[in-house]
Every structure is written in structure tokens, then in C-alpha cells.
Amino acid sequence: MNAVTPLQPNFDTPTRLEALNDWVARTAALTRPDRIHWCDGSDAENAALLARMQADGTLLPLDGEAYPNCWLHRSDPSDVARVEHLTFVCTRERDDAGPNNHWMAPGDAHAKMDALFDGCMRGRTMYVVPYCMGPIDSPLARCGVEITDSPYVVANMRIMTRMGAAALARIEREGTFVRGLHSTGELDPDRRFIMHFPEELSIQSYGSGYGGNALLGKKCHALRIASWQARQEGWLAEHMLIVGIESPQGETHYIAAAFPSACGKTNLAMLIPPQGYREAGWKVWTVGDDICWMRPGADGRLYAINPEAGFFGVAPGTSAQSNPNALASIRHDTIFTNVAVTADNRPWWEGLGEGEPATDWQGRPYDPANGPAAHPNSRFTVSAKQCPSYSPEAENPAGVPISAIVFGGRRASLVPLVFEARDWTHGVLVGAVMGSETTAAATGAVGVMRPDPMAMKPFCGYHYGDYFAHWLSFDQPGAKLPKVFHVNWFRKGDDGKFLWPGYGENMRVLEWILARVQGTAAATQTEIGALPSAGALNLDGLSLSAEAKQALFAIDRTQWAEEFGRIGEYLQTLGDRLPEKLEQTRAEIARSLG
Ligand code: SAT
Ligand code: MN
């Protein structure tokens with residue numbers, strides 16, 4: 001966007017912030033929308049948008065009695081997940097983006113995007129969406145403005161962020177904001193790019209209307225750009241849920257946990273403890289299900305906020321068994337994307353456990369020969385306030401203190417149920433060498449093992465070596481850092497079945513983790529970390545086979561020695577930006593495994 005052209009005739013701005021007006025005017029001059037609408041986030045505005053989308057078929061109303069004010073959106077069948085191969089980090093120096101990102105020179109990326117955006121909003125309305133990531137009055141929160149031609153994006157951003165007038169007021173006070181420009185373009189996969197310019201604090205996304213590609217406050221801002229800002233400003237922007245565990249004594253500890261997309265973050269964040277725990281007085285509080293921003297507080301502890309205001313959760317597998325809190329949340333005022341519907345027009349997906357699909361996610365009469373009825377990456381978008389377990393502390397501008405950080409992947413073999421890192425450096429290594437099988441959250445093959453350090457492979461906005469160094473830098477005198485753990489809910493037996501029941505039963509693992517934090521649970525040291533001693537993790541009422549117990553609570557040293565060899569090879573791919581301390585720690589463990 002080079003030439004500054006005069007304002008459009010219909011350019012009616014609610015702000016005097018020159019930087020914002022200037023950017024909106026330049027963008028309008030480039031994209032040529034018919035109208036410009038500044039979003040204030042009001043109920044009236046939302047109602048008008050929803051009505052317009054109903055009229056043009058973008059949103060289909062669901063059964064108004066069972067699901068009041070709920071909508072179905074069907075995205076283009078070629079546009080159903082994040083596109084990592086089309087996602088770029090455009091830093092001046094290629095090495096700053098690192099081998100973990102696709103890179104393009106900023107000049108080339110701008111030229112490419114300017115050509116795509118040129119005139120792309122003709123006949124459309126351009127929405128200007130001011131938003132705040134985090135509680136509006138939190139010093140940990142950060143603001144952005146998304147310009148988009150998708151009313152679906154606007155409606156989702158209103159749920160997922162603090163969007164509208166209050167955000168604009170904060171932006172005016174601060175004068176700085178992340179600039180996100182988005183157009184659905186033609187939804188042509190060959191004309192689709194998600195570009196990040198961390199040095200300019202800007203994002204440009206073209207050709208997709210889906211989730212993390214289009215709701216720019218989410219992965220693009222709150223992870224890729226924010227991770228870059230966080231490194232400069234001394235904080236952490238992480239792909240983590242935040243959950244509060246209240247003990248029968250009334251003490252609440254907060255855990256931040258990193259899992260790759262579609263590995264159960266939402267379920268863990270909304271966990272309902274097993275009956276025995278509930279009767280004893282345990283409670284679980286949801287702070288966030290996807291993203292966590294943390295910063296050291298004056299007392300040396302890490303304080304975290306959830307920058308989001310809603311959940312963009314995976315629908316398939318969500319049931320009264322797996323996640324009753326999610327089911328309760330999505331009974332009204334929810335946008336469903338790419339789910340199936342029943343004959344009586346209710347949303348349906350595989351694993352829901354009730355009803356039958358009549359129409360699949362593409363709007364065809366359901367036929368099992370066409371594959372699943374709901375897309376495996378189908379989603380619900382819902383305000384966090386609708387979740388029965390939503391923590392009042394989630395709105396605390398100071399954030400919540402984090403007692404434990406948990407890393408976890410989807411690992412069918414090798415990795416035990418839970419282990420504890422020796423110290424912060426070892427914890428960073430544990431996060432750095434995480435691997436996980438790929439899921440439907442991104443296009444491409446599913447079930448392929450890949451390294452996914454700290455569940456940030458698709459989201460870290462800079463070189464992984466620098467990122468690990470940044471993590472290590474929090475180990476300062478006076479710091480009271482959380483203990484670090486690794487969990488694996490996905491271990492399978494020889495018969496291919498999961499060995500651990502998961503879901504609510506994961507409470508047992510969280511209890512052990514918190515007891516370790518308080519120094520009251522026994523652990524057995526191994527080369528890879530401390531595992532629960534026999535009897536230290538409550539298994540009462542579970543019937544685990546001897547094979548399951550062996551796999552879940554012991555390590556195979558020979559296989560781990562091989563794993564640490566592979567880990568070494570992976571870390572070498574990060575080149576000379578890899579902190580020496582990490583490789584030293586890896587090498588020590590590898591030697592001890594023999
Ligand atoms: O599409 S999103 O990035 O918003 C969801 C996810 O992959 O976690
Ligand atoms: Mn995610």
C-alpha cells in the first residue's frame with residue numbers, strides 16, 4: 001500500500017487517532033470497498049449483522065427452541081483448517097523467522113499481498129474491528145484492529161475478543177495497535193496467504209475465511225505477533241489453556257498447559273472431576289482453553305491472562321461424557337462451523353452421543369460413504385461467559401498466578417502418563433522436545449509424528465532457538481517459577497486402544513501435580529524426570545491392567561535412549577541459535593540412559 005489517496009466519500013470515522021484513520025484510508029484506497037463500517041461491538045450492531053448473514057445464507061439458523069440464537073456456518077469445503085504451508089513470517093532477516101517458519105522477504109510479501117488485495121473489496125463492506133486481547137483494563141492485555149470484508153469474521157471476533165468501543169478507547173489512549181488486514185478474496189487455495197510482519201506489528205491474510213486463518217486476533221496476533229512482542233518485553237505468549245483447581249480446603253492453584261491443536265485443551269480446561277473428587281469438595285475453574293500470556297509479577301511468580309474472551313472449540317468428540325461444561329455452554333448464542341445437522345435442525349457431530357445426522361457439513365443428505373457427517377475440524381464459537389465453570393478470576397486484570405506448567409502431546413507409545421522436570425532448564429528441554437501426532441486442525445496428513453516444541457510449531461513467530469533462550473531467561477534470582485510437568489493422555493496398548501481413560505479422570509494426574517507443587521506427593525526419579533511412586537497417584541476405582549500400569553508409570557530406558565538420540569538430531573536443526581544449556585542437558589540425560 002504505497003499511494004496515499006483521499007478518504008472515501010463514505011469514510012465516517014469515530015476516532016481522531018491519525019495512525020488508525022490513515023491506515024483505514026490507505027486500505028480502503030487499495031481494496032475499494034463499497035462501504036466502511038466501524039464496529040462498536042454493540043448488541044444492535046451484532047443483531048443487524050446476524051440478520052444480514054441469515055438473509056444471504058452465510059448463517060443458517062438452528063432449532064430456535066433447543067438452540068436459541070445459534071447458527072450454522074458452512075465454510076467452503078476447501079477452507080476448513082489452518083494452512084501452515086501458506087503461513088509466513090516475514091522478518092527482514094530470514095534467520096529471525098527460524099527454520100520453524102516459512103519465510104518471505106517483507107518487500108516480496110507486501111508486493112504479493114498488495115496485488116491480491118487490490119480492489120478485492122469491490123461490492124463488499126469493509127469492517128473495521130478494534131479489539132483487545134485480554135481484560136480491557138489489564139496491563140497484560142494488548143490491542144489490535146482487524147480490517148475484514150467478512151461479517152462472519154466480525155461475529156466471531158465479537159465472541160472471541162473484547163471488541164468494539166472499549167477497545168477503540170484503549171487503542172486511542174495507547175496509540176499503538178497490531179494491524180490485521182483480512183479478505184476472504186475468492187477462497188481460492190492458490191490465492192491464499194497468511195503473512196506476518198512482526199517488525200511492523202502487522203498481519204495480512206487473504207483467501208480464507210476459516211478460524212485461525214481469518215480471526216486475526218487469535219493465532220496470528222495472540223501467538224505469532226505476541227510471541228515476538230513478548231520476547232522484546234519480557235513475557236511469554238503461549239499455546240496453553242489455563243485452569244484453576246480448587247482443593248477441598250478452598251485453595252485454588254492455576255495450571256497452564258500446552259497441547260497441540262485438537263489434543264484436548266478445551267476438555268482439560270473445562271474438566272469435571274470424578275464423583276469422588278466432587279464429593280470431597282474439589283472444583284475446577286476454566287480461565288482459558290487455548291492461549292496464555294504470562295509475565296513475572298512483583299513477587300517473582302508468573303501471572304497469566306487468557307487473551308481471548310471465547311472458545312473456538314473442536315466439536316467432534318464433545319459429549320456429555322467428555323465435556324459437559326462445553327455442551328452446556330453451547331446451548332444458546334453460539335456459532336457452529338462445519339458441523340452436521342439432525343432432521344430437527346440441531347447441530348450434530350461424531351462423538352456427540354445422541355441424535356442422528358440428516359445433513360452433513362457440506363449440506364448434503366448424510367451418507368456415510370461421504371465420510372464423517374461433521375468435519376473433523378468443525379468448531380463452535382461461544383463466549384467464555386456462557387461456560388458454567390468460567391472462573392471469575394479470568395477477568396482479573398492482574399491475571400492468575402501459575403503454579404505448574406504442563407506440556408503434553410499425542411503419543412501412542414513411549415511417553416508415560418506424567419513426569420516432572422528436575423528444574424526450569426530441564427522443564428524448558430521437556431517442552432522443547434515435545435512431539436505430537438498431527439490432527440485435523442491443520443490441512444495435511446493426520447496422525448504423523450512431528451516435533452512440536454511447546455505446542456508452538458505453527459505459532460511461534462520467531463526462531464525456535466531464540467524462543468528457547470527466552471524461556472531459559474526467566475530463571476533469574478528471585479524468580480518463583482512454576483514447576484514443569486509432561487503428560488500423555490494418548491498412550492495406546494498393543495491392541496491400539498487408549499490405556500488411560502482420560503477426560504474427568506485426568507483430575508487424578510492434576511491432583512498429583514499439585515501435590516508435587518506443595519511437596520506432599522512421592523515421586524521416583526528417573527533419567528527423564530520424576531514419575532509418581534507406586535500409590536502416589538490416586539487410581540482408586542480404576543481398573544488398569546498390569547500392561548497399562550507398566551506403560552503409564554514406567555519408562556523403557558532403551559527406547560528413551562533412542563528418543564534422546566532423535567531429540568539431539570532435531571535440536572541440531574535449529575543451528576547455532578540453540579542455547580548451549582539445552583543441548584548440554586539433553587546430552588547429560590542421553591549419557592545417563594546409556
Ligand atoms: O483454527 S484455529 O487456529 O483457530 C484452531 C486451532 O488450530 O487451534
Ligand atoms: Mn489452538
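Remember, it's 1-based here, ligands and their atoms both numbered in the order they're listed.
Here the N, O or S atom of His239 that is nearest to the Mn ion (ligand 2) is NE2. Residue Asp290 approaches the Mn ion (ligand 2) most closely through its N/O/S atom OD1.
Residue Arg82 places at least one N or O, backbone or side chain, under 3.5 Å from an N or O of ligand 1. At a 3.5 angstrom cut-off on N or O pairs, Tyr210 does not count as close to ligand 1.
Protein heavy atom nearest atom 6 (C) of ligand 1, with residue, atom name and distance: Lys219 NZ, 3.0 Å. When only non-hydrogen protein atoms are considered, atom 2 (S) of ligand 1 lies nearest to Gly212 N, 3.5 Å.
Centroid-to-centroid, the aromatic rings of Phe459 and His239 come within less than 6.0 Å. Separation of the Tyr206 and Phe117 ring centroids falls under the 6.0 Å cut-off. Side-chain rings of Trp471 and Trp424 approach one another, their centers coming within less than 6.0 Å. Here the two rings, on Tyr131 and His221, have centers that are under 6.0 Å apart.
Taking backbone and side-chain atoms together, Lys219 has an N/O/S atom less than 2.8 Å away from the Mn ion (ligand 2).
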Q: Begin from the C-alpha positions of Asp452 and Lys457 and carry the test salt bridge (Lys or Arg N to Asp or Glu O under 4.0 Å) through to its verdict.
A: CA-CA 5 Å; Asp452 192 352; Lys457 168 70 190 70; over 6 Å; no
Q) Under the salt bridge (Lys or Arg N to Asp or Glu O under 4.0 Å) criterion, do Glu395 and Arg162 qualify, and how do the steps go? A) CA-CA 11 Å; Glu395 303 289 333; Arg162 279 86 171 169; 3.1 Å; yes
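In summary, the atoms of ligand 1 found under 4.0 Å from a heavy atom of Arg379, numbered by their order in the structure, are 5 (C), 6 (C), 7 (O).
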